[in-house]
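Reading through the structure tokens given below for one structure.
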Amino acid sequence: MALQLRVYVPPHPLIRHWLAVSRDVGTPSALFRTAMVELGRWLTYEAIREWMPTVETQVQTPLAECPATLIDPNVPMVVVPILRAGLGLLDGAQTLLPLASIYHLGIVRDEETLQPSFYLNKLPDRLDPQARILILDPMLATGGTLTAALEQLIQRGADPALMRVVCVLAAAPALQSLSEKFPALTIYTATIDEGLNQNGYIVPGLGDAGDRTFGT
Ligand code: URA
């Protein structure tokens, strides 16, 4: 059976609440950062549900021995925030994945051509093909930035089927392009917005996530 991109919009009231706060033009930068942390936390919580590898074991309680499930310490856990805006989601994700390795990617979109280019790449030369990789990129507009990041990860041995993307807004053009290029991928988003304006911004969107996170 052919693989198909999976896109989940978790129906969680906290995700809806913090999405509304982040969209509101009146939300000041400090509160916008809180919204990003909370969206990072709750979307990561949903994204790792059936993704974190576990091992079955036994534990001794004060009363008896009983079966138990632990996170498998032998499978590498990786988080890749895409700078700048992906940094806003990192704190929330890291509270749930405190042992994950964090590899930063700095990618900027040319404002006219919308083409992505790298200004920072902290990925190691090789990634364990079993690594679980969580990518943080709040705004999937054309999908160009995420595509550039995924190509770097795949070149280093990562398996798209073991990746999860956490974003806040996914626009239809990005989902169309990603489904053609990476059908094994799974995306968790707070919502799906329909389109882009002539400058490549998501509409209704939330504006420039990097500027609003960093008050620029
Ligand atoms: N990046 C943003 O920060 N906002 C958009 O609407 C699109 C890309």
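Note that the coordinates shown come from a computational prediction; the quantities given were computed from them, not determined experimentally. Just so you know, ligand 1 is whichever comes first in the structure, and atom 1 is the first atom listed for that ligand.
Residue pairs meeting the side-chain hydrogen bond (donor to acceptor under 3.5 Å, both in side chains) criterion with at least one member in residues 121-148, sequence neighbours excluded, are Asn121-Gln152.
Applying the 4.5 Å side-chain rule to ILVMFWY residues, one finds Leu70 in the same cluster as Val55.
No donor-acceptor distance shorter than 3.5 angstrom exists from the side chain of Arg212 to the backbone of Gly207, with no hydrogens or angles considered.
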Kindly list each side-chain donor-acceptor pair under 3.5 angstrom involving residues 12-22, sequence neighbours excluded, with atom names and distances?
residue : atom : partner : partner atom : Å
His12   : ND1  : Leu14   : N            : 3.0
Ser22   : OG   : Trp18   : O            : 3.4
Ser22   : OG   : Leu19   : O            : 2.8

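The closest side-chain donor-acceptor pair between Gln155 and Glu151, if any, does not fall under 3.5 angstrom.
Within 6.0 Å of OH in Tyr45 there are 12 or fewer heavy atoms belonging to other residues, nucleotides or ligands.
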Name each N or O atom in ligand 1 that is under 3.5 Å from a protein N or O, and give the partner atom and the distance.
residue  : atom  : partner : partner atom : Å
ligand 1 : 3 (O) : Ala209  : N            : 2.8
ligand 1 : 4 (N) : Gly207  : O            : 2.8
ligand 1 : 6 (O) : Ile202  : N            : 2.8

